[in-house]
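Step one of this worksheet: look at the structure below.
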Amino acid sequence: MYERMLNKQETPTFDDLIRHSGDSGKLWTALDEHLKSDCGLETQIRFPYGKEYGWAVKYSKKSKHICDIFAENGAFTALFQVSNAAVELICDELGEYAKNIWDNKYPCNTGGWIEFRVLNDEHLQDLKKIIHAKIGLK
């Protein structure tokens with residue numbers, strides 16, 4: 001379950017990534033549109049971090065990396081680093097799922113790396129809140 005697209009020899013299109021994500025593809029499409037139009041992020045399909053991670057879309061603002069979103073069978077997962085200060089601003093607004101992900105982050109500097117798998121709209125809304133906090137949007 002949640003297998004990623006691992007064949008580095010075949011570069012997928014964004015539509016391929018969405019199809020691989022199954023029903024969650026609709027949520028990713030909505031997030032993609034929001035991040036590009038409302039947050040001004042740019043995208044790039046890439047194969048980062050090695051063969052266990054697979055294909056992803058990199059979202060960035062100018063030269064600042066915001067997150068990578070990986071296509072998974074039936075889901076998608078955002079992987080990114082975020083500061084403690086950013087999450088503290090919105091922590092009370094997050095659901096239990098998001099708080100659990102934050103509590104189990106991989107610590108790094110003054111924050112940590114999180115892998116946030118999106119399976120429903122509640123997860124999507126919490127992911128948006130965390131990304132907004134990271135890039136300084138309300």
Side-chain angles (χ1 to χ4, degrees):
M1 192 167 203
Y2 306 127
E3 295 85 11
R4 292 188 176 174
M5 298 177 75
L6 301 176
N7 184 354
K8 189 175 184 178
Q9 306 310 312
E10 294 181 26
T11 305
T13 64
F14 183 69
D15 288 339
D16 293 333
L17 296 169
I18 294 301
R19 270 192 298 281
H20 188 75
S21 298
D23 289 341
S24 293
K26 291 178 268 182
L27 297 171
W28 188 358
T29 300
L31 177 63
D32 180 75
E33 291 172 6
H34 170 72
L35 293 177
K36 291 192 292 190
S37 65
D38 299 337
C39 302
L41 302 187
E42 299 170 357
T43 62
Q44 174 191 8
I45 294 175
R46 66 187 195 146
F47 197 92
Y49 314 124
K51 63 184 178 180
E52 292 87 33
Y53 287 87
W55 288 99
V57 175
K58 174 187 177 184
Y59 290 85
S60 58
K61 189 162 187 125
K62 297 184 181 176
S63 63
K64 182 179 180 182
H65 176 263
I66 304 303
C67 67
D68 284 295
I69 298 182
F70 293 88
E72 297 178 327
N73 186 12
F76 65 92
T77 293
L79 174 67
F80 57 103
Q81 188 176 13
V82 63
S83 70
N84 292 330
V87 175
E88 286 171 4
L89 293 173
I90 57 158
C91 194
D92 292 341
E93 302 171 28
L94 299 175
E96 290 305 312
Y97 178 79
K99 288 178 183 178
N100 186 52
I101 289 172
W102 179 247
D103 290 342
N104 292 292
K105 68 187 172 293
Y106 180 83
C108 182
N109 296 325
T110 61
W113 283 90
I114 61 173
E115 287 189 62
F116 197 110
R117 179 171 287 131
V118 175
L119 300 171
N120 59 47
D121 191 59
E122 178 185 343
H123 299 167
L124 176 62
Q125 297 312 315
D126 281 346
L127 176 59
K128 283 182 181 180
K129 290 173 189 172
I130 296 170
I131 291 173
H132 286 185
K134 176 179 175 141
I135 62 178
L137 291 177
K138 287 287 177 186

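Just so you know, these numbers come straight off a predicted model, no measurement behind them.
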Please find the pair of heavy atoms, one from [X] and one from [Y], that lie closest to each other, and give the distance.
X: Gly95; Y: Asp126; answer: N-OD2, 2.9 Å
X: Lys105; Y: Gly112; answer: CD-CA, 3.9 Å
X: Pro48; Y: Tyr53; answer: O-CB, 3.7 Å
X: Pro12; Y: Ile45; answer: O-CD1, 3.5 Å
X: Trp55; Y: Phe70; answer: O-CD2, 3.5 Å
X: Ala86; Y: Ala133; answer: O-CB, 3.5 Å

Answer with yes or no whether the side chains of [Y] and [X] bring together a donor and an acceptor at under 3.5 Å.
X: Glu96; Y: Asn100; value: no
X: Asp16; Y: Thr13; value: yes
X: Glu72; Y: Thr77; value: yes

Does [X] belong to the same Ile/Leu/Val/Met/Phe/Trp/Tyr cluster as [Y], with side-chain heavy atoms less than 4.5 Å apart forming each link?
X: Ile130; Y: Tyr106; result: no
X: Phe14; Y: Leu41; result: yes
X: Leu31; Y: Leu79; result: no

Notebook entry, point to check: Does the side chain of Lys129 come within less than 4.5 Å of Ile131's, by heavy atoms?
Noted result: no

Check: Taking the side chain as C-beta and beyond, is there a heavy-atom pair between Cys39 and His132 under 4.5 Å?
Finding: yes

Can a salt bridge be assigned to the pair [X] and [Y] using a cut-off of 4.0 Å between side-chain N and carboxylate O?
X: Arg46; Y: Asp68; result: yes
X: Glu115; Y: Arg4; result: yes
X: Asp32; Y: Lys36; result: yes

Next item on the list: On the 0 to 90° scale, with breaks at 30° and 60°, tag the His65-Trp113 ring pair as parallel, tilted or perpendicular.
Entry: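 Correct class here is tilted.
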
Check: Is the gap between the ring centers of Tyr97 and Phe116 under 6.0 Å?
Finding: yes

Next item on the list: Drop me the distance from Lys58's NZ to Thr43's OG1, to the nearest 0.5 angstrom.
Entry: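 Going from the NZ atom of Lys58 to the OG1 atom of Thr43 covers 11.0 Å.
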
